[in-house]
Number of protein chains: 2
Amino acid sequence: MRYSPDHKEKTRHKLLEVSGALSKKQGFATTGVDRLMAAAGLTSGALYSHFGSKSAFFQALIRHELERSRKLFQPQEGETGAQRMERSLADYLSLAHAHNAESGCALPALSGEIARAEPEVRRTYRCALQEMVGMLSEQGTPPAEAWAVIAQCMGALLMARAMDDDAVREEVLAASRDQLRRMLSDEPAAPTESKKKPRP
Amino acid sequence: MRYSPDHKEKTRHKLLEVSGALSKKQGFATTGVDRLMAAAGLTSGALYSHFGSKSAFFQALIRHELERSRKLFQPQEGETGAQRMERSLADYLSLAHAHNAESGCALPALSGEIARAEPEVRRTYRCALQEMVGMLSEQGTPPAEAWAVIAQCMGALLMARAMDDDAVREEVLAASRDQLRRMLSDEPAAPTESKKKPRP
DNA sequence: GTCTATACGCGGATAGAC
DNA sequence: GTCTATCCGCGTATAGAC
């Protein structure tokens with residue numbers, strides 16, 4: 001063949017990366033195949049060689065994106081559970097994340113489209129989230145709390161993105177950060193956002 | 001004229017109601033003008049008479065829908081604040097709401113599209129939410145908590161809708177209900193979902 | 001105010017050259 | 001494996017009849 005053995009694999013990976021970014025920024029359904037492929041320097045034919053149809057491509061893309069999202073909540077070298085959570089919240093619920101959907105988590109960017117997608121895509125979505133909850137569970141956050149954390153993060157970021165004013169965006173994000181910190185430290189509500197304070 | 005004086009007003013209202021339901025179910029951008037109008041028994045020309053363009057129609061629709069959403073959180077006759085919150089949570093975070101987007105709240109159904117809409121639409125969205133938070137604030141829920149409640153409700157419902165399994169959907173919704181009850185009653189975390197228990 | 005007819009572009013998808 | 005060319009349907013929007 002005219003192409004190196006792993007050329008297909010590399011191209012496929014690049015397609016998922018680049019089209020994923022474009023989909024998170026502009027939406028998947030509203031972006032044509034031509035544009036999705038052009039973002040990776042290819043033409044529409046490439047999509048049908050690799051995935052067969054646009055909706056099959058969507059499923060592969062969701063699987064790939066949620067794999068990336070899972071890593072956002074994974075602990076890094078030498079972190080305690082509390083440190084990981086504090087870092088995750090600060091990164092996730094930030095204005096930077098609100099303003100850069102293309103490099104951010106797929107949950108707030110694509111859940112709306114997934115909700116209207118075929119059962120196969122929704123199954124992929126559910127399994128990925130269950131894995132994420134399982135992972136958090138192993139690290140000391142009970143499943144019920146883990147679901148609540150994910151829902152809160154996704155909701156707050158999506159709401160912030162749909163607004164038109166950074167000050168209000170930050171108000172929403174700060175409220176969620178504060179709320180989650182209190183919840184995860186098992187402390188009762190406090191009137192203002194508390195400083196970093198590891199539990200005694 | 002051939003039509004009664006308030007015919008235009010009534011038609012406009014019907015358009016917003018019926019197209020709003022269809023948009024929440026199938027998405028706004030992905031539903032053509034013909035279909036949106038056909039749902040109200042009209043043809044595409046009607047949209048341009050009333051609103052001028054599809055995007056102008058979207059803004060009117062969002063304004064109308066968020067007015068409806070605000071009422072979901074409004075207290076009813078003879079309710080206390082705690083009763084209202086308990087009723088709101090049970091109704092909002094339910095499988096019925098997850099399965100019937102067309103008659104439900106616009107926030108989980110349309111926030112993704114709003115996030116990619118023109119600034120004018122996003123301004124409408126922000127103002128409506130600020131009013132909602134102001135309303136909750138008057139009823140005893142501080143603004144920061146109100147933002148967290150709305151984000152959590154929207155995130156949990158959207159996540160539930162994007163899944164393919166009712167058992168897991170219910171797990172997500174129950175986790176959020178439980179979390180919000182604990183937060184609103186200023187109680188520390190409990191291992192399982194607590195029963196209705198007004199604060200002492 | 002609403003409908004029908006129509007203009008024109010972009011959508012997804014396929015065929016065949018290389 | 002990728003590109004170019006092409007088919008056909010649906011998208012938004014407008015013009016003119018009633």
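In what follows, every chain begins at residue 1, and chains take the letters A, B, ... in the order their sequences are listed. All values below come from the heavy atoms of this structure, side chains included, with hydrogens, waters and symmetry mates left out.
- Phosphate contact (OP1/OP2 of D:dT4, side-chain N/O of A:Thr43, threshold under 4.0 Å): absent.
- Across the protein-nucleic acid pair, A:Leu42 atom CG and D:dT2 atom P stand 6 Å apart, rounded to whole Å.
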Would you list the atom pairs, donor with acceptor, under 3.5 Å between side chains in residues 26-45 of chain A and any protein atom, with sequence neighbours excluded?
from	atom 1	to	atom 2	distance (Å)
A:Thr30	OG1	A:Gln26	O	2.9
A:Thr31	OG1	A:Gly27	O	2.6

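- Comparing D:dT4, C:dG1, C:dT2 by their closest approach to the side chain of B:Lys8 singles out C:dG1.
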In 5'-to-3' order, the base (B), backbone-only (S) or no-contact (-) status of each nucleotide in nucleotides 10-16 of chain D, using a 4.0 angstrom heavy-atom cut-off, is -SSBB--
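- Using a 4.0 Å cut-off between charged nitrogen and carboxylate oxygen, A:Arg177 and A:Glu170 count as a salt-bridge pair.
- For A:His50 and D:dG1, the NE2 to P distance is 7 Å, given to the nearest whole Å.
- The distance between atom CG of A:Asp6 and atom P of D:dG1, rounded to the nearest whole Å, is 12 Å.
- At whole-Å resolution of the value, NZ in B:Lys14 and P in C:dG1 are 17 Å apart.
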Side chain to side chain donor-acceptor pair (under 3.5 Å) assessment of B:Gln83 paired with B:Arg87 | CA-CA 6 Å; B:Gln83 284 172 334; B:Arg87 174 183 57 79; over 6 Å; no
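- Applying the ring-ring contact (aromatic ring centres under 6.0 Å, His included) criterion to B:Tyr125, with sequence neighbours excluded, gives no partner residue.
- Taking atom CD of residue A:Glu9 and atom C1' of nucleotide D:dG1, one finds them 14 Å apart after rounding to whole Å.
- Taking atom CZ of B:Arg12 as the reference point, atom C1' of C:dT2 lies 17 Å away to the nearest angstrom.
- Residues B:Val133 and B:Met135 share a single hydrophobic cluster, defined by chaining ILVMFWY side chains whose heavy atoms lie under 4.5 Å apart.
- One finds a salt bridge joining A:Arg169 and A:Asp166 here, because a Lys/Arg side-chain nitrogen approaches an Asp/Glu carboxylate oxygen to under 4.0 Å.
- Applying the 4.0 Å criterion to OP1 and OP2 of C:dG1, one finds that B:Ser49 has every side-chain N and O outside that range.
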